[in-house]
There are 2 protein chains.
Amino acid sequence: MLSQTEENYLKALFHLTEEYADKPEAGTNELAAMLNVKPATANDMLKKLKEKKLIHYEKYGKISLTSLGKKQAIDIVRKHRLWETFLYEKLEFTWDEVHEVAEQLEHIHSPKLIEKLEKFLGYPLIDPHGDAIPNAKGELKLQARKTLSQIAVGKTCKLVAVRDNSATFLQYVVSVGLGLSSKIKVLNRQEFDGTMEIEVNGKKSSVSERFANNIFVA
Amino acid sequence: MLSQTEENYLKALFHLTEEYADKPEAGTNELAAMLNVKPATANDMLKKLKEKKLIHYEKYGKISLTSLGKKQAIDIVRKHRLWETFLYEKLEFTWDEVHEVAEQLEHIHSPKLIEKLEKFLGYPLIDPHGDAIPNAKGELKLQARKTLSQIAVGKTCKLVAVRDNSATFLQYVVSVGLGLSSKIKVLNRQEFDGTMEIEVNGKKSSVSERFANNIFVA
DNA sequence: TATATTTGTTAGACTAACCTAACTTTATAT
DNA sequence: ATATAAAGTTAGGTTAGTCTAACAAATATA
């Protein structure tokens, strides 16, 4: 059985290389940064994960998940998103509160618990942030999505998910009047720095390119 | 913040010395046995817990919880029993399945989660095994209880809790036709070894003294 | 293309939680 | 009351996961 730490490394690699990622391989430094450890620490773990056949990795080379590692990673993501859904739907947590607690709950080991939780929640397909929930077989549907920054001036789109699940980001999102399924109209875009003016429910806001890159729309 | 391991030591000490225990102090060996570690290991932890002012302890002396330690222990017991109730009431786990998973869930750190879970469950007072659930202030009602072995021949009593929450014991309990609130009539008792004959819902069974010591009745 | 910068690795050290083996103290039992 | 048994402690070792400091390789840039 994997330790919580090992699970966190696999999950981080999944986010870096598999799900909605531009690159299919990750580096030691970015992995370490994502997990808030030093590169030396990550390096030790990479050797261990390779030994366990969970990742592809050669000294000084790039890192990617093996099919076994990917399977494990998806299982953790599944648990994370089901717990987030539980917290949001049943316990009345807000959008920005669910992530941190789910980070702990995702490491509970009990296949029966997850099966029953999923049933209890009515087999949900997306979590409170709009991310797809993998099914028990590890299948997950990657919806076609663009980022808000890719939408042309004058067009209207719908928020389907957010890239960053941190409380600070989500609180900002809410302050602009946005939530899942919000309709967003793009009023204007600055060539210079990508700053955009948007309209949500009649309310106009100015958002940075960085912000717009973290909003998924369809 | 306490580690999971530290929490487990405090919980074990609580069960040994506070709740329904004959003795107000515990020894190193019995503590180690309860936690499935060697006495030497427990000894190391005792020094640490003393340093943190969670237990009263002197070399070669007996062990007991400080008021701070007791508060922490009760909080863990509270979480354990609320999670057991959730698993039983909402996810349709059986009596004997809840304990093991709750052993993991009790270590999730989030005061808000427990408050909201308690509310979601409707502020339950007892868990699926009949044990009292402490409230948010750490108050718990110790019901007056006897063990089945203390009931006189000819008398009838009601099962209110079980001492051992392990799956094996609970499965045995179920096989005798017993559950929470079952009416038990004591038909006979052997002087020699304490073996008892009981009747539950018209079904007669013979049970050992050891078994009867683990059934709480009122 | 040679050098500087970034990226990645190694060596050595630390802490928490565990172990075994040897030892000491306390309790028990003639 | 003393010997034996039981209970408890200490010393030294292991593993997982972390760190810092020094070094090596790969990449970018002038």
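First the proteins, then the strands, lettered A, B, ... as listed; each starts at 1. Values below: all heavy atoms of this structure, side chains included; hydrogens, waters and symmetry mates excluded.
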Looking only at side-chain N and O atoms, does [X] come under 4.0 Å of OP1 or OP2 in [N]?
| X | N | result |
| --- | --- | --- |
| B:K38 | C:dA21 | no |
| A:K59 | C:dT10 | yes |
| A:T5 | D:dG17 | yes |
| B:K62 | D:dG8 | yes |
| B:Y57 | D:dT9 | yes |

Check: Which part of the nucleic acid, if any, lies within contact of A:T41, taking any heavy atom under 4.0 Å across all strands shown: a base, the sugar-phosphate backbone alone, or nothing?
Finding: base
- Sugar-phosphate only, base, or nothing, as touched by A:A42 at under 4.0 Å among non-hydrogen atoms: nothing
Quick one: is the NZ or CZ of A:K90 closer than 6.0 Å to the six-membered ring centre of A:F120, and within 45° of its axis? yes
How many Å lie between [atom1] on [X] and [atom2] on [N], as a whole number?
| X | N | atom1 | atom2 | value |
| --- | --- | --- | --- | --- |
| A:N29 | D:dA25 | CG | P | 17 Å |
| A:E51 | D:dT15 | CD | C1' | 15 Å |
| B:D44 | D:dG12 | CG | P | 14 Å |
| A:K47 | D:dA16 | NZ | C1' | 14 Å |

Look at the side chain of [X] and decide which nucleotide, out of [options], has an atom nearest to it.
| X | options | result |
| --- | --- | --- |
| A:T28 | D:dG8, C:dA21, C:dG8 | C:dG8 |
| A:N43 | C:dT9, C:dC19, D:dT10 | C:dT9 |
| A:K48 | D:dG8, D:dA16, C:dC19 | D:dA16 |
| B:P39 | D:dA26, D:dT9, C:dC18 | D:dT9 |

TODO: Please state whether the rings of B:H99 and B:H129 are parallel, tilted or perpendicular, taking 30° and 60° as the class boundaries.
DONE: perpendicular
Requested in this report: Would you check, one step at a time, whether the test side-chain contact (heavy atoms from CB on, under 4.5 Å) holds for B:F86 with B:L82?
Outcome: CA-CA 6 Å; B:F86 168 71; B:L82 283 170; over 6 Å; no
By nearest-nucleotide position on DNA chain D, the 5'-leaning member of A:Y60 and A:V37 is A:V37
In short, A:N135 meets A:K137 closest at the heavy-atom pair OD1-N, 2.9 Å
Q: Would you check if the side chain of A:K62 reaches a backbone N or O of A:E25 as a donor-acceptor pair within less than 3.5 Å?
A: no
